[in-house]
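To keep things clear, I will list the structure first and then write my remarks on it.
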Amino acid sequence: MRQFWIGGNWKMHKTIGEALDLARALKAGLPAAADVEVVVAPPFTALKAVAEVLEDSPVQVAAQNLHWAEQGAYTGEISPLMLLDAGCRQALIGHSERRQQFGETDGLVNRKIQACLSHGLGPVFCVGETLEEREGGRVEEVLSRQVREGLRGFSPEEAAKGVIAYEPVWAIGTGRTATPETAQQVHAFIRALLAEIYDKDLASLKRIVYGGSLTPETARGLLDQPDIDGGLIGGASLKPGPFIAIVKECVG
Ligand code: PGA
């Protein structure tokens, strides 16, 4: 059985004080349950403070991005060593906002996942098609490329680490959640692809989570699908109530 994974992507929201308030509220309100792994990804400036608050809780802290090198002349970038030092255990890689607005290519995503793996950070490998690609009937082609290129060169042991987040770009921040059927179809496709690239065992163990306007109202239908193992949540993770409500949908 795959354990549910729920992540809160705070994006470019929250000062340190605001992030601490949210982290404390989550710590107080989240159920202590073995059936779900909970992760939050605050902005870089609040990482250490949030990690300290959550240190004696089951909630893990993730970065929203990283540079692959350990150090060097890379103005404005943050290295895996710095993230570990700040208390991070996981990192979002290849979020569509980074691919679209900051020019992240599949090749860069691959290097960043490699950097996670060599430093013991769990990669949260994000993939997803745009509306234009969906309407052009290219969903499988796009996802196949993103998954194959992102995992290029990794052994089955490496590819098994972390989670894959399927986030259709047209659903992110739009209030237009994918229907459970649409999401399930794509998750099943990604799982079959993993079986083709690696093997059935890896495919059946790998957690594939959904992201894109996921709310407490839409969570149940999505999480009931056989190939949906949790969610990556943006807007609904910025307040404790909705995020805790989504986590509770995974429990029991
Ligand atoms: P959203 O964001 O829930 O606000 O759509 C999800 C994400 O971008 O990870």
Side-chain angles (χ1 to χ4, degrees), residues 4-14 18-19 22 26 36-44 46-47 50 59-66 88-104 109 112-113 116 121-131 133-134 139 142-143 146-147 150 162-180 182-183 186-187 190 207-223 225 228-250:
F4 278 117
W5 184 100
I6 298 285
N9 177 8
W10 298 358
K11 306 193 179 182
M12 199 172 74
H13 294 285
K14 310 271 176 212
E18 290 164 350
L22 178 52
L26 293 178
V36 54
E37 177 178 346
V38 183
V39 179
V40 293
F44 287 128
L47 276 179
V50 168
V59 184
Q60 291 194 24
V61 174
Q64 297 176 17
N65 179 30
L66 50 65
C88 279
R89 296 291 167 263
Q90 307 191 21
L92 311 189
I93 303 294
H95 189 280
S96 67
E97 285 152 17
R98 298 221 50 90
R99 291 179 189 259
Q100 295 207 310
Q101 300 173 36
F102 301 98
E104 282 198 13
V109 168
K112 290 181 177 201
I113 296 176
C116 284
L121 288 162
V124 181
F125 169 28
C126 305
V127 296
E129 81 286 358
T130 62
L131 185 60
E133 287 162 345
R134 172 162 287 269
V139 176
V142 168
L143 287 170
Q146 290 177 342
V147 171
V163 305
I164 292 180
Y166 167 58
E167 300 205 297
V169 179
W170 46 270
I172 295 179
T174 58
R176 190 178 159 196
T177 323
T179 62
T182 301
V186 177
H187 282 235
I190 296 172
R207 287 177 296 176
I208 306 173
V209 307
Y210 168 82
S213 298
L214 208 154
T215 62
E217 292 72 36
T218 54
R220 179 78 276 138
L222 288 156
L223 296 173
Q225 300 302 311
I228 301 185
D229 306 312
L232 180 56
I233 295 126
S237 74
L238 296 176
K239 287 192 184 138
F243 189 68
I244 291 170
I246 294 170
V247 172
K248 284 185 175 163
E249 291 290 345
C250 302

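Counting starts at 1 for both ligands and their atoms, following the listed order.
Residue-level contacts of ligand 1 at the 4.0 Å heavy-atom threshold are Asn9, Lys11, His95, Glu167, Ala171, Ile172, Gly173, Gly212, Ser213, Leu232, Ile233, Gly234, Gly235.
For Trp10, there are no side-chain hydrogen bond (donor to acceptor under 3.5 Å, both in side chains) partners two or more places apart in sequence or in a different chain. For Thr177, the side-chain hydrogen bond (donor to acceptor under 3.5 Å, both in side chains) criterion is met by no residue, not counting sequence neighbours. Here Lys11 pairs with Glu97 under the side-chain hydrogen bond (donor to acceptor under 3.5 Å, both in side chains) rule; sequence neighbours left out.
Ser213 places a side-chain N or O within 3.5 Å of a backbone atom of Ala171 that can act as its donor or acceptor partner. The backbone N or O of Ile208 lies less than 3.5 Å from a partner atom in the side chain of Asp229, making a donor-acceptor pair.
Between Glu249 and Arg220 there is a salt bridge, since at least one side-chain N of the basic residue sits less than 4.0 Å from a carboxylate O of the acidic one.
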